[in-house]
Structure formats: C-alpha cells, structure tokens
Amino acid sequence: MRTVIVVGGSAAGLAAVQSLRREGYGERILVVGAEPHPPYDRPPLSKGFIANNLPFEHIRLGEQALLDELGAEWLVPARACELDLDRRMLRLEADDRLRFDGLVVATGVSPLAFPGPSPNGVHTLRGLDDAAALRTALGSAPRVAVIGTGVLGMEFAATARKIGLDVTVIGNAPHPLARQFPAAIGELLAARHREAGVILRLNAPVAGFEETSGHVSGVRLADGEVIPAELALVAIGSQPNVDWLRTSGLPIGDGILCDARCRAAPGVYAAGDVASWWHSGYGARLRIEHRMNATEQAGTAVKNLLGAAEDFRPIPFMWSDQHDVKLQSYGVFPAGGEMEIEGDMASGRFVALCHHQGRVVGALGWNAAKTLRQSRMRLAEAMEDIRLDEPTLTFA
C-alpha cells in the first residue's frame, strides 16, 4: 500500500496514525479532519475544561513535535463528502479527490439536536468549540437546564453546580444513566446529585423552549410547566457521522457495520464511536462511545489493514466523574441482570457485580478503582460462555 487515508483527526484517528507507524508502515499517510484543531481529548470538555478553565494545551493529545515525527499529512479543516470504493477515491467538500490503497474511517458522532426550534442559549456539546462557547456562556447564566440524563448530561450538571450555578436536570428516564446501569446505581447517583444541590426532574418529557428577545429563558415541559433557565444544554444522545457514506456501498446501520476485525469492505476499516462491529466474544454487535475504545479499536483496525487477522474482543470499559464520585465499569450490564454488591453502598466505596446467564458479566466500581480491577479477569473468563440477548448494544 502506497497511501493510507485516515478520515477523522481526533483520538481514534491519531491512534490509527500512531499504530500505522508502530507497525512499520513507512509510506504516505493522509489525515482528513473536519475540525481545525490538533487532536485533543474529549472527556475533559464536560468537566475540567469548563470547571477549571483548562487551557487547550492540557487536553491536547501530543505536542506538535510528536505529531511531526509521525510524518503524516494533516488536511485540516477538511470534510470528506463522498467515497468511491471502486476507484479507491475520497472526495472532499472542496472537491479535492484523494486516492487511497487503505482507508480507516474514524469520523465519530454528532450530538442530537432538540427536535424543534431552539433559541440562542441552547447548546450541544461534542467538540472543543462547543465547550469553549459553553464556558463563556456560563458566566452570564445563573440558571442552567440540562436536558438528558446520560453520562454527558450528568457530568455537565455536576460541573455547572461546582462553579456555583443553579442546575436542573430534565429527562424522560426514571433515573440517571438508565441506559448504562441498573436502577440501584442510578438512584444512588441521583441522591448524590441532589445532595450537591442539583434539581432532578425525571420522567419529565420536554416540549420546547421559552424565549425572551430571541434568547432562551426557560424549558417547557410536556405538562406546560416552565423551568427557568438562561442556558440549556441538550444532551439527548448522538448519531454516528455516516451520512457522507450512504452512497458508498459500505454497510450502514447504527454506524459503519464492520466484521469482527473492524473491516467494512476490502481495505476499508472503521474505529471509534462510528464503528459498529461484531464482538465475537459476546456474540453481539457493539458500538462504544468511550475514549479507551477509540484508541484500542484503531490499533486493531490498523493491524488488520496491514495484514493481520485479529478479532477485536475488548472488555468494554468506561468511566465518569460526577461530584466526588468516580464511576468506572468493565463489561456489560444486560437488562434483567442480577446485581451483587461487594462492600457497603452507604460508605461511598463499593463494587457492583452484574450476573447474567449464571456468570459475572459486568462490574462497576463506585470510588473503588483498585478493587474493580480485580474483577476484570472474571469478566474475561465469562465472555467465552455467554451470549447477549440484544442483537446490538450501544455504550454511550
């Protein structure tokens, strides 16, 4: 292969470039990135970047000298808009056409917008520019509404409360992180948010926004009640960035549909949030929107692009910092799984184990990182003996 193109200049894209060089690929690498910024870490955007006013250098992934050593050509900002598999050609919005022998797609996801009109002061959060705009806007917004009870929404709520703002979280779910963890964990997390002064409005559908002079002044619930707010964050989920691929012939569903080795087509691989791949250990299709997965999956995708035959079989891992709680989890938490608590939930330090089909398949640590790591081996052993009931799982 004389030219490999990596589409996506964030964590997964950078990891793909690093893996190419580490595996001995010495030919041309082109990176097409939609953002104008060098690669940076996204998890701090909802936390330290805003709360601690972190400069960009603190979240950047590698100094410029390290990027230069990789010898890749970075085309930023540039957006891919069409893929021709037969001609091995990538077309950019500027109408540039780039030929490739190998392709790694790491285009990530975009936040879902609220389905209706949104006045000024209504934000979403995905990239650096979003976070910078939020950081500025929070200075003149004493009341903040967060729509969504997932990881991003709850992290941002904790951050906004930390800097002294009045925060209300609104969501359809019965408890925070309902898609990720069982009710017992979500309810405990809800209690911690309330202790910190966050108001939770659960099982509360949102109908729209109120505005004054074109700026948001409140969030209107389906029952007509208005929650006053000068700033609203919409954190209701995300969608994989695959629209530009719909005429390419690649299999598209909830992301780019790949096989167990992250391959979507001959010479075309996907990694990170955009990749939906067959996990041969669990016997299910997974798509994971977490930082560690982006790096690990890019490494496996590159190895296979260069000729290896390695299934990508990780034990899913995620973490989240909210107030003084450090949540970390390994494995999966299928619906209906039975929970076992090791430690004392009241002490604020415990591990929750999820049993499914007679095996431990998930482990969550609540301020218990060291104890949690000891559970990882049990999860690896269980992977060989279980099959998940859901045909597709998204960890976001």
Side-chain angles (χ1 to χ4, degrees), residues 1-22 25-45 49 54-84 88-111 124-135 238-245 248 255-256 268-275 289 291 294-295 297-299 301-302 305:
M1 288 189 295
R2 299 183 62 181
T3 301
V4 172
I5 295 180
V6 177
V7 185
S10 195
L14 175 60
V17 175
Q18 292 172 320
S19 297
L20 282 163
R21 295 307 191 208
R22 188 167 53 247
Y25 179 77
E27 302 297 325
R28 189 186 189 199
I29 302 174
L30 290 173
V31 183
V32 177
E35 292 189 81
H37 314 291
Y40 62 89
D41 215 8
R42 294 185 190 274
L45 295 181
F49 181 79
L54 290 178
F56 176 71
E57 289 72 20
H58 283 233
I59 65 172
R60 181 171 177 169
L61 294 174
E63 298 294 332
Q64 188 60 46
L66 295 177
L67 297 182
D68 292 342
E69 289 179 4
L70 294 171
E73 301 172 44
W74 294 79
L75 306 181
V76 294
R79 191 177 297 274
C81 64
E82 186 179 2
L83 175 64
D84 187 330
R88 316 301 279 181
M89 186 81 70
L90 182 73
R91 185 170 70 85
L92 307 185
E93 279 188 346
D95 211 31
D96 297 322
R97 286 168 168 77
L98 308 175
R99 296 189 63 85
F100 64 86
D101 302 297
L103 181 69
V104 179
V105 181
T107 47
V109 298
S110 295
T124 56
L125 175 55
R126 172 61 184 172
L128 177 64
D129 294 340
D130 299 329
L134 272 169
R135 187 162 69 179
S238 59
Q239 55 188 359
N241 291 324
V242 295
D243 283 349
W244 66 284
L245 292 168
S248 68
I256 301 171
V268 179
Y269 291 75
D273 300 357
V274 76
E289 295 181 24
R291 173 67 173 82
T295 301
Q297 191 167 30
V302 162
L305 173 64

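Given the structure is predicted, the values throughout are model-derived calculations rather than measurements.
Looking at heavy atoms from C-beta onward, Leu45 lies out of side-chain contact with Asp130 at the 4.5 angstrom threshold. At a threshold of 4.5 Å between non-hydrogen side-chain atoms, the residues Asp129 and His37 count as touching. Under the 4.5 Å side-chain criterion, counting only non-hydrogen atoms from C-beta, Trp244 is in contact with Leu90. Inter-residue side-chain proximity for Arg60 and Leu67 is flagged as met; some heavy-atom pair is nearer than 4.5 Å. In this structure, the side chains of Leu70 and Ile29 stay at 4.5 Å or more apart for every pair of heavy atoms. For the pair Val7/Leu83, no side-chain contact is recorded, criterion being any heavy-atom separation below 4.5 Å from C-beta on. Side-chain contact between Leu20 and Val104 is absent, with no heavy atoms from C-beta onward closer than 4.5 Å. Residues Arg126 and Ser238 are not in side-chain contact: their nearest non-hydrogen atoms beyond the backbone lie 4.5 Å or more apart.
The shortest non-hydrogen separation linking Pro240 to Val274 is CB-CG2, 4.1 Å. In terms of heavy atoms, Ile256 sits closest to Ala270 at CD1-CB, 4.0 Å. Closest of all the heavy-atom pairs between Ala78 and Leu92 is CB-CD1, 4.2 Å. What you find for Arg291 and Pro43 is that their closest heavy atoms are CB-CG, 3.9 Å. The two residues Ser19 and Gly299 come nearest to each other via the heavy atoms OG-CA, 3.4 Å. Closest approach of Ala106 and Ala12 over heavy atoms only: CB-CB, 3.8 Å.
Side-chain atoms of Asp101 come within 3.5 Å of backbone N or O of Thr3 as a donor-acceptor pair. In terms of modelled atom types and a separation under 3.5 Å, the side chain of Gln239 and the main chain of Ser110 share no donor-acceptor contact. Not a single donor-acceptor pair under 3.5 Å links the side chain of Arg21 to the backbone N or O of Glu69. For Arg135 (side chain) and Phe49 (main-chain N/O), a donor-acceptor pair under 3.5 Å exists by modelled atom type.
Among residues two or more places apart in sequence or in another chain, the side chain to side chain donor-acceptor pair (under 3.5 Å) test is passed with Arg28 by Glu73. Looking at residues two or more places apart in sequence or on another chain, you find no side chain to side chain donor-acceptor pair (under 3.5 Å) involving Glu27. Scored by the side chain to side chain donor-acceptor pair (under 3.5 Å) test, Ser248 finds no partners at all (sequence neighbours excluded). Annotation: side chain to side chain donor-acceptor pair (under 3.5 Å) contacts of Asp96 (sequence neighbours excluded): none. Partners of Glu63 by salt bridge (Lys or Arg N to Asp or Glu O under 4.0 Å), not counting sequence neighbours: none found. Taking Arg97 as the reference, Asp95 meet the salt bridge (Lys or Arg N to Asp or Glu O under 4.0 Å) condition, with sequence neighbours excluded.
Taking CZ from Phe100 and CZ from Arg2, the interatomic distance works out to 15.5 Å, rounded to the nearest 0.5 Å. Between Cys81 atom SG and Arg91 atom CZ the span is 3.5 Å, to the nearest 0.5 Å. Atoms CG and CG, from Leu61 and Asp41 in turn, are 5.0 Å apart once rounded to the nearest 0.5 Å. Leu245 CG to Glu82 CD: the interatomic distance, rounded to the nearest 0.5 Å, is 10.5 Å.
Using the six-membered ring where Trp is involved, Phe56 and Tyr40 have ring planes that are perpendicular, over 60° apart on the 30 and 60° scheme.
A salt bridge is absent between Asp273 and Arg42; no separation between the charged side-chain nitrogens and carboxylate oxygens falls under 4.0 Å.
Around CZ of Arg79, the count of heavy atoms belonging to other residues, nucleotides or ligands within 6.0 Å does not exceed 12.
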Exercise. Could you walk me through whether Val302 and Val4 pass the side chain to side chain contact (heavy atoms under 4.5 Å, CB included) test, one step at a time?
Key: CA-CA 10 Å; Val302 162; Val4 172; over 6 Å; no
